[in-house]
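Proteins come first, then strands; the chains are lettered A, B, ... in the order of their sequence lines, and each starts at number 1.
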There are 2 protein chains.
Amino acid sequence: MVVHTISDEQVDLLFHALADATRRDIVRRAIDGEHSVSELATGYAMSFAAVQKHVAVLERAGLVTKTRRGRERLVRTDIATINHASRLLDQFEELWRVRANTMSEILAQDPGEVT
Amino acid sequence: MVVHTISDEQVDLLFHALADATRRDIVRRAIDGEHSVSELATGYAMSFAAVQKHVAVLERAGLVTKTRRGRERLVRTDIATINHASRLLDQFEELWRVRANTMSEILAQDPGEVT
DNA sequence: CTAAAGTACAACCAAATGGTTGTACATACG
DNA sequence: CGTATGTACAACCATTTGGTTGTACTTTAG
């Protein structure tokens, strides 16, 4: 199995992009694709340019891609990146599991062995 | 099953806290507990106060807790918060799965039904 | 008691963030 | 053709962020 390593800077971009409610909402809406930037912009209490910037942040993080259709750009979520973020967090839980195992091994030791 | 809902602001804090390599490293090191703030500070190319601030960001996000031991504060990772973040991302994948199912239903439709 | 260690917190600073408006350009529509 | 739509991007601004140093307080060690 090929482990797709990612740089710290990419992880920074990824979690930073997710640290904003508007951007998370854009990701949700773009999961079913077919949303132009101006379509996305309607519904947020901010300018078109502001939404454009949010999409750019998501794009740099690899969370969405933009494809051209005539004069509009369709925004689509890259679910693989979401999956990658989720697995990064799973690694922390794996560390925790290892530690928990070590603890139960310690607790399972014969009392006489405890120093 | 009780679903522990969380505010957008808390999710912002959570992902923002994870969007920094130093902070992610602190979380990793604090998984096995028993690390005072000054212990954590050794090894980073920054001042003690800077590390203190990083720990404060993690604490506000609920990613670590601090307990007192004499004059030091022991930092410990709250793995439940990591787990919570991971499940938040799973929700996006769930949306994706629903969409994928809908798509395969569409593709499975009798050609005559396609409008 | 005194000194050192560990922490907390304020003040300060440069850079990044998240918003705005304005301008320019490409494409679709009548 | 000319006009409206969709986008890109620059310039600007207030606030936040991530770092610094300095000071004060508590607790341990000698």
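For B/H54, taking side-chain heavy atoms from C-beta onward, the closest of the listed nucleotides D/dT28, D/dG18, C/dG19 is D/dG18. With C/dT20, C/dC29, D/dA8 as the choices, the nucleotide that has an atom nearest any side-chain atom of A/F48 turns out to be D/dA8. Nearest to the side-chain atoms of B/M46 among the listed nucleotides C/dT20, D/dT20, C/dG6 stands D/dT20. When each of D/dA8, C/dG19, C/dC29 is scored by its nearest atom to the side-chain atoms of A/K66, the top-ranked nucleotide is D/dA8.
Phosphate proximity of D/dG18 to A/H16: absent, as no side-chain N or O sits under 4.0 Å from OP1 or OP2. Using a 4.0 Å cut-off, some side-chain N or O of B/R23 falls inside it from OP1 or OP2 of D/dG18. Phosphate proximity of D/dG19 to B/S47: absent, as no side-chain N or O sits under 4.0 Å from OP1 or OP2. The phosphate of D/dA8 has OP1 or OP2 within less than 4.0 Å of a side-chain N or O from A/R73.
Toward the 5′ end of DNA chain D lies the nearest nucleotide of A/L74, the other residue of the pair A/K53 and A/L74 mapping further downstream. Residues A/D20 and B/E72 each lie close to DNA chain C; by heavy-atom proximity, the contact nearer the 5' end of the strand is made by B/E72. Residues A/Q52 and B/A19 both approach DNA chain D. Their nearest nucleotides, taken by heavy-atom distance, put A/Q52 toward the 5′ side.
In this structure, B/R71 places its CZ atom 8 Å from P of C/dA5, rounding to the nearest Å. Taking atom CD on B/E39 and atom C1' on C/dA5, their separation rounds to 12 Å, with Å as the unit. Nucleotide D/dT17 holds its C1' atom 13 Å from the CG atom of A/D12, rounded to whole Å. As a whole-Å value, the separation of B/R60 CZ from C/dC9 P is 14 Å. Atom CG of A/L40 and atom P of D/dG6 are 13 Å apart (whole Å). C/dA28 atom C1' lies 12 Å from atom CZ of A/R68, rounded to whole Å.
Between B/D25 and B/R28, at least one side-chain N (NZ, or NE/NH1/NH2) sits under 4.0 Å from a carboxylate O, which counts as a salt bridge.
No side-chain heavy atom of B/F92 sits less than 4.5 Å from a side-chain heavy atom of A/T77. Residues A/M46 and A/T22 form a side-chain contact, since some pair of their non-hydrogen atoms from C-beta on lies under 4.5 Å apart.
To the nearest 0.5 Å, atoms CG (A/L89) and CD1 (B/I79) are separated by 9.5 Å.
Nucleic acid contact for A/R69: none, since no nucleic acid atom lies under 4.0 Å from a heavy atom of the residue.
Contact between A/F48 and A/A41 at its shortest, heavy atoms only, is CD1-CB, 4.0 Å.
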